[in-house]
Amino acid sequence: MPAICRFFSFAGYTPGPFCAILEALELNVTDIFLEGETIVKQQMLEYFAKVFGDSEGAEVFFAPGRVNLIGEHTDYNGGHVFPCALTIGTYGAARKRSDRKLRFYSVNFGQLGVIESGLDELEPGRTTGWTNYPKGVMWTFAGRGMKMDCGMDLVIFGNIPNGSGLSSSASVEVLTGAILRALYGFEVSNQDLALIGQYAENHYNGVNCGIMDQFAIAMGKKDNAIFLDTNTLQFEYAPIVLEGAKIVIACSNKKRGLADSKYNERRSECEEALVELQTVCKIRTLGDLTEEQFEQYKDAIKSPVRLKRARHAVYENRRTIRAVEALKKNEIARFGKLMNDSHVSLRDDYEVTGVELDTLTEEAWKIDGVIGSRMTGAGFGGCTVSIVKNEAIDRFIAQVGKAYKEKIGYAADFYVVEIGDGPQTL
Ligand code: GLA
């Protein structure tokens with residue numbers, strides 16, 4: 001078995017198709033993702049040469065995935081979020097071409113082979129599939145006057161499980177932005193890369209997401225989470241010093257199905273609730289309200305469903321502010337309790353959890369040594385994030401894993417993760 005499979009099995013990933021692809025490519029994938037950047041770079045160049053003939057002049061880049069610690073479904077409601085970038089993410093090897101062709105290859109979707117397109121075929125709606133993420137970013141750059149004067153060849157490889165709620169798509173978007181900046185000399189800041197990625201997601205891929213994912217990825221800082229006010233984009237880094245504990249991600253492996261349309265539906269419900277509230281108080285976003293103000297004005301919301309959605313947005317925002325205060329005072333237990341409360345609100349008021357994520361958190365809460373546990377990301381499947389004391393991690397993985405499999409019928413995967421930096425040229 002190639003070494004990469006060993007890495008993924010170690011991290012709890014089910015390697016299946018990956019290994020088949022790597023074996024089919026006959027790549028010598030020696031412990032690359034365990035041994036640091038230099039080897040990753042070399043291996044990415046090997047992929048590139050294998051796919052496109054040679055790797056002369058190709059450069060290698062990385063953009064992380066992200067996990068959100070607290071502040072869910074607040075970023076499109078003018079609230080606060082508290083995510084961090086991970087050390088897992090997406091690698092890209094890229095080289096400019098002399099013509100206007102674009103050639104894409106993803107090691108993760110190797111069965112699709114090389115996908116060709118062109119700089120003059122970038123308008124939205126022409127294609128579907130993973131290349132819409134890099135293409136959406138190229139299209140957005142062009143729309144802002146940053147037109148690529150020639151095409152490129154691009155190979156990507158991601159070690160974030162796709163569709164797991166760890167922002168594999170935002171990672172590809174920020175990665176593409178970083179590649180365009182480096183290869184074509186466009187002057188954009190990391191914050192611009194976040195905004196461009198979000199714009200591409202909204203207008204090219206039809207998901208009305210907020211700014212959290214792209215911001216966390218583009219602005220990531222090792223060992224820090226980002227406390228971001230999504231209303232103003234003001235932010236501060238908060239060191240995550242978890243003495244004797246780690247962040248553990250449990251992936252439900254539930255396919256997300258209609259998640260994007262349900263996501264957009266939640267967003268519209270909140271927008272309608274905001275309009276109703278604006279008839280009785282002067283606010284720009286739900287994030288402007290305290291819990292007390294919400295209780296005072298909530299009768300303006302005429303549907304019980306919209307009331308629940310807005311209540312989550314308001315309470316979750318305040319919870320996030322409190323959680324960061326707790327962390328600053330090193331009150332980790334309080335931080336964990338707020339994480340648990342966040343899950344309950346996402347389950348009961350926002351209704352984005354489902355039996356898989358509820359099982360993972362409820363089983364986690366039973367375990368001694370679990371400081372806090374909640375779903376993370378959009379929900380409807382995907383992952384939970386837990387803070388677990390070191391001595392409880394093995395027990396956590398064994399017990400939660402067993403109970404999940406018994407109840408749901410298939411296995412969850414577990415990742416003990418580290419907080420990493422934003423996009424990098426390797
Ligand atoms: C997805 C979106 C984000 C955010 C979260 C929920 O990850 O991309 O903008 O809304 O869901 O907090």
Side-chain angles (χ1 to χ4, degrees), residues 63-86 89 132-133 136-137 160-174 193-220 225-231 233 235 249 251-252 256-271 285-287 309-310 312-317 319-320 323 338-339 342-343 345-347 349-354 357 374-385:
R66 70 98 188 88
V67 67
N68 187 22
L69 299 177
I70 193 162
E72 216 65 82
H73 288 280
T74 48
D75 66 344
Y76 51 84
N77 285 311
H80 292 76
V81 292
F82 196 49
C84 46
L86 298 172
N132 276 7
Y133 295 110
V137 170
I160 319 168
N162 295 317
S164 62
L166 302 181
S167 288
S168 52
S169 55
S171 177
V172 173
E173 286 157 358
V174 172
L193 294 187
L195 291 165
I196 289 172
Q198 184 201 15
Y199 188 90
E201 184 85 41
N202 294 167
H203 300 278
Y204 206 87
N205 288 297
V207 180
N208 241 341
C209 67
I211 187 63
M212 172 173 74
D213 302 348
Q214 290 83 2
F215 199 96
I217 289 169
M219 305 295 285
I226 306 174
F227 181 44
L228 170 69
D229 179 344
T230 61
N231 218 356
L233 291 191
F235 69 98
I249 289 173
C251 180
S252 69
R256 287 200 300 168
L258 295 172
D260 290 351
S261 59
K262 288 194 207 150
Y263 181 92
N264 289 347
E265 182 185 288
R266 292 295 181 282
R267 187 167 180 157
S268 313
E269 287 162 350
C270 286
E271 280 161 5
T285 67
L286 295 178
R309 307 297 189 245
H312 167 78
V314 171
Y315 278 69
E316 178 76 353
N317 180 40
R319 217 174 353 251
T320 306
L338 291 163
M339 286 175 77
S342 163
H343 185 87
S345 176
L346 288 155
R347 182 189 69 194
D349 274 352
Y350 222 62
E351 299 180 279
V352 292
T353 58
L357 294 172
R374 57 181 288 278
M375 61 149 270
T376 185
F380 313 105
C383 292
T384 62
V385 57

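All ligand and atom numbering here is 1-based and tracks the order in the structure. Heavy-atom basis, side chains included; hydrogens, waters and symmetry copies ignored.
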Heavy-atom proximity to atom 3 (C) of ligand 1, picking from T376, L166, D75, points to D75
Checking heavy-atom distances from atom 8 (O) of ligand 1 to each of D213, N202, N208, the winner is D213
Only heavy atoms of [X], strictly under 4.0 Å: list the atoms of ligand 1 that pass.
X    : result
G377 : 6 (C), 11 (O)
Y76  : 10 (O)
C209 : 2 (C), 8 (O), 9 (O)
Y263 : 1 (C), 2 (C), 3 (C), 4 (C), 9 (O), 10 (O), 11 (O)
G210 : 9 (O)

Q) What do you reckon, does N68 have a nitrogen or oxygen under 3.5 Å from a nitrogen or oxygen of ligand 1? A) no
Which of E316, R319, R347 passes side-chain hydrogen bond (donor to acceptor under 3.5 Å, both in side chains) with S342? Answer is E316
Nearest non-hydrogen protein atom to atom 5 (C) of ligand 1, with distance, is M212 CE, 3.7 Å
Say you draw a straight line from [atom1] of [X] to [atom2] of [Y]; how long is it, rounded to the nearest 0.5 Å?
X    : Y    : atom1 : atom2 : result
L346 : R266 : CG    : CZ    : 10.5 Å
R66  : I160 : CZ    : CD1   : 9.5 Å
E351 : F380 : CD    : CZ    : 10.0 Å

Counting heavy atoms under 4.0 Å, the part of R66 that contacts ligand 1 is side chain
Within the side chain of S171, is there an N or O that forms a donor-acceptor pair under 3.5 Å with the backbone of A63?
yes
Could you go through the ring pair (Phe, Tyr, Trp, His ring centres under 6.0 Å) check for Y76 and Y263 one step at a time?
-> CA-CA 11 Å; Y76 51 84; Y263 181 92; 5.4 Å; yes
H312 and Y350 aromatic ring geometry - parallel, tilted or perpendicular at 30°/60° bounds:
tilted
